[in-house]
Number of protein chains: 2
Amino acid sequence: MADAAPAAANKRLQMADIARLAGVSVSTVSRALNGSPLINDETRSRIAELARSLNYSINLGAQNLRLQKNQTVAVVVPYDAQSRQHISDPFFLSIVGAIADALTDRGYDMLLSRVDAERLDTAAALYDSGKAIGIVVIGQWRHHDQLNALAARKVPLVVWGGQLPQQLYCSVGGDNVGGGLQATRHLLQQGRKRIVFLGDAALPEVQLRRAGYLQALREAAVAPDPKLELPVPFEIIAARAALDRLCAGRTRFDGVVACSDLLALQAVQAVRAAGRQVPGDVAVVGYDDMPVATYSDPPLTTVHQPVAVAGAELVDALLALLRGERAAPRMLPVHLVVRESAPAGA
Amino acid sequence: MADAAPAAANKRLQMADIARLAGVSVSTVSRALNGSPLINDETRSRIAELARSLNYSINLGAQNLRLQKNQTVAVVVPYDAQSRQHISDPFFLSIVGAIADALTDRGYDMLLSRVDAERLDTAAALYDSGKAIGIVVIGQWRHHDQLNALAARKVPLVVWGGQLPQQLYCSVGGDNVGGGLQATRHLLQQGRKRIVFLGDAALPEVQLRRAGYLQALREAAVAPDPKLELPVPFEIIAARAALDRLCAGRTRFDGVVACSDLLALQAVQAVRAAGRQVPGDVAVVGYDDMPVATYSDPPLTTVHQPVAVAGAELVDALLALLRGERAAPRMLPVHLVVRESAPAGA
DNA sequence: ATGAAAGCGCTAACAC
DNA sequence: GTGTTAGCGCTTTCAT
């Protein structure tokens, strides 16, 4: 009565079931399914066929426990707990897609996780608990220190972002100084001198782009004006409000260097709402070169970031780390794509 | 010498280590860390403190094996193996983000997986192997049959897509017939009669939108013309080529109903490249209402899909299924957002 | 209130 | 070539 209970066979199939049905021991099934050369071909194919026909698949939780292995990488997309802002900037979504592709190609699974941007260190739980063998964090946000602490603890970690002094973790990022420099130089070459910098310099990537912006001004002997620096967050609504205030005020400007394409487009809308023309009165340069930049009105001059390459580099750096190699921070080249929001001809 | 080896303490911390350091047994540590009332408070906090200070986290692989549980949901984004096209349409990325948020809110992890769109059935391995307790598939593509087969096998499965006859699985989707209807009616109301339908009707969602398109034509007593149906794939390059051919040919048209915002924008570019105006000569309606629709030139009239709601509904349907409830297919309301690519005033 | 021991589904010596 | 057995890190009876 205990053994032969025919009702409610709801339980998941396991190796012992296959073994019983095949009339062999579990070890034989294990060996057959794992392609051990010890098993004779007839037995192996009989077992393989049985497993396939029953949709049996080795339980990976048990296998991983036994083998002490794991093929899962966690990808962490921080979010702003204040504004409850969700994954939405196209750049983040797009780099997640690129990482998914790179991991799939290399035979790894991707666990997508969201953590509070103020507590990046909580991401370590994904590693400590064995859920993932390593972590990719998208962006440094305000917590270089927390990321350093994780690296000091030997958590396998790669971060998309800028390279900073005193950095213990491996980062992969675009050339932010170069990007800020190219964007600003381009505007200066068109004779623009009152150039707004749009982005929150508390974020390392933005800070580096700002350094490029300042360097370009210096090269052109244009004095920087703090009133032209708008430390807007990535959140679009607040950014728009700050832009509207700027347009309503007395501060003159004829160019904008924005830290994302979406910010650039908000700038376009704010400028137009104030009755001025883009690019006539104000030329605008974006950042990232997402698809929206080609379709927008006007199409955006913007700094292209190599997203697909970035995904592959992040993954390769993490895998190198896991092999015990030292992975040096990498900086990927960026380039300016000139479109109509800030054209080349004066 | 064996026990006290001080070198290379590279191994991951485990419960036995905490037990040894706390001078208690593993059972006590397990109980303490899991908040059992059997443990006295002093002991519990001492153990908790020790674990925290060492960054110890219970090994979830082992815990899941023992407890026969799992908090991971697989989200499957199919890709076209032919064109090697990757996750790129903003709608897919965006719904993945919405699902990630919904899962995080409910305490589940998300495993993001890509599978060949021709072999949706391979997604079942995620369930059979115990990696995930259930699966969310984004889109039916051409394989309603494979999805039905999975459902027949009792794989816990929810699919973003249209509701079809003979459907065994639970689907959540927008009101595609209604969307196609609203889009087409809007153009007809402006006096347009030669309306192109842009989308591959081999996909169920597109097929349903086409039904709405045809219904609107019928209502307005406009005879459908097969030459106006362009079965373009989601892939942008091929779509553009088909549009250019249409514009170069003798087939007249004054409106376009597209099955994504990106397709709509390709139509805009093709029409303009042929020397005609949008919306003057040709009015264009998109689908999805992604952020790009508000920034594009011209801003797109488009069918809004409730992405955040969709993420939550997909997850809730799957969790209902896992509780053993029957989850009925759900259809979410959509509405037309009128912008300049197909304005209201004639 | 705490410990000893069995077992979750699997793999890999070690026997035969 | 195949079976027996121990054990991956954890939870939970069952003892005490």
Side-chain angles (χ1 to χ4, degrees), chain A residues 2 9-48 50-51 54-72 125-133, chain B residues 9-48 50-51 54-72 125 127-133:
Chain A
N10 259 340
K11 285 185 51 183
R12 213 109 135 194
L13 221 49
Q14 57 193 69
M15 214 173 251
D17 300 316
I18 305 291
R20 194 163 17 77
L21 292 168
V24 296
S25 74
V26 286
S27 354
T28 300
V29 175
S30 171
R31 286 191 266 250
L33 261 25
N34 288 301
S36 156
L38 293 174
I39 301 293
N40 94 36
D41 279 355
E42 187 274 324
T43 314
R44 189 208 320 296
S45 56
R46 192 163 51 86
I47 291 175
L50 186 60
L54 296 172
N55 294 307
Y56 170 76
S57 227
I58 290 180
N59 181 316
L60 288 172
Q63 188 181 56
N64 285 344
L65 180 58
R66 176 64 231 232
L67 259 35
Q68 301 284 64
K69 71 158 197 179
N70 182 335
Q71 293 271 94
T72 303
L126 294 163
Y127 170 74
D128 294 328
S129 69
K131 267 186 200 172
I133 48 169
Chain B
N10 260 341
K11 284 186 54 183
R12 214 108 137 195
L13 221 47
Q14 57 192 68
M15 214 173 251
D17 300 315
I18 305 291
R20 194 163 16 76
L21 292 168
V24 296
S25 74
V26 286
S27 343
T28 301
V29 175
S30 171
R31 286 192 267 251
L33 261 24
N34 287 302
S36 157
L38 293 173
I39 300 294
N40 93 36
D41 279 356
E42 186 273 325
T43 314
R44 188 207 321 294
S45 55
R46 192 163 51 85
I47 291 174
L50 186 60
L54 296 173
N55 294 308
Y56 170 76
S57 226
I58 291 178
N59 181 315
L60 289 172
Q63 188 181 56
N64 286 344
L65 180 60
R66 177 62 230 233
L67 260 35
Q68 301 284 64
K69 69 159 199 179
N70 183 334
Q71 293 271 94
T72 302
Y127 170 75
D128 294 328
S129 68
K131 267 187 201 172
I133 48 170

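The analysis underlying the following values was restricted to heavy atoms, covering all of them including side chains, and did not include hydrogens, waters or symmetry mates. Residue numbering restarts at 1 for every chain, and letters A, B, ... go by the order of the sequence lines.
Closest to the side chain of A/N40, from the set D/dT2, C/dA4, D/dT4, is D/dT2. Checking D/dT2, D/dT11, C/dC10 against every side-chain atom of A/N59, the shortest atom distance belongs to C/dC10. The side chain of B/R31 has C/dG3 as its nearest neighbour among C/dA1, D/dT4, C/dG3. In the set D/dG3, C/dG7, C/dG3, the nucleotide with an atom closest to the side chain of B/R66 is C/dG7.
Taking the side chain as every heavy atom from C-beta outward, A/N64 and A/T72 never approach each other to under 4.5 Å. By the 4.5 Å heavy-atom criterion applied to side chains, B/N34 and B/I58 are counted as neighbours. Using a 4.5 Å heavy-atom cutoff, the side chains of A/Y56 and A/D17 are not in contact.
Residue B/L67 is classed as a sugar-phosphate contact, given heavy-atom separations below 4.0 Å to backbone atoms only. Within the 4.0 angstrom heavy-atom criterion, only backbone atoms of the sugar-phosphate kind lie near B/N34; the bases stay farther away. Across all strands, B/L65 comes closer than 4.0 Å to base atoms (heavy-atom distances).
In this structure, CD1 of B/I39 is placed 10 Å from C1' of C/dG3, rounded to the nearest angstrom. The CD-C1' distance, from B/Q68 to D/dC10, rounds to 12 Å in whole Å. For B/L33 and D/dG9, the CG to C1' distance is 13 Å, given to the nearest whole Å. Atom-to-atom, CD1 of B/I18 to C1' of D/dT11 comes out at 17 Å; the value is rounded to the nearest Å. Rounded to whole Å, atom C1' of C/dT11 lies 13 Å from atom CG of A/L60. Put simply, NZ on A/K69 is 18 Å from C1' on D/dG9, counting in whole angstrom units. For B/D17 and D/dC8, the CG to C1' distance is 14 Å, given to the nearest whole Å. B/I58 has its CD1 atom 9 Å from the C1' atom of D/dT11, to the nearest Å.
A donor-acceptor pair is defined here as one N or O able to donate and one able to accept, closer than 3.5 Å; such a pair exists between the side chain of A/N40 and the backbone of A/E42. Without hydrogens or angle criteria, A/S129 side chain to A/A125 main chain gives a donor-acceptor distance under 3.5 Å.
For the OP1/OP2 pair of C/dC10 and a distance below 4.0 Å, the side-chain nitrogens and oxygens of A/Y56 include at least one atom meeting the criterion. B/T28 has a side-chain polar atom (N or O) that falls below the 4.0 Å cut-off from OP1 or OP2 of C/dG3. OP1 or OP2 of C/dT11 has at least one side-chain nitrogen or oxygen of A/S30 nearer than 4.0 Å. The side chain of A/Q63 places an N or O atom within less than 4.0 Å of a non-bridging phosphate oxygen (OP1 or OP2) of C/dT11.
When each of A/N59, A/L65, A/L60 is tested with A/Q63 by the rule side chain to side chain contact (heavy atoms under 4.5 Å, CB included), just one qualifies, namely A/L60.
With the nearest nucleotide of DNA chain C identified for both B/S27 and B/A62, B/S27 has the one nearer the 5' end. A residue-by-residue look at A/V26 and B/Q14 shows that A/V26 has its nearest nucleotide of DNA chain D further toward the 5' end.
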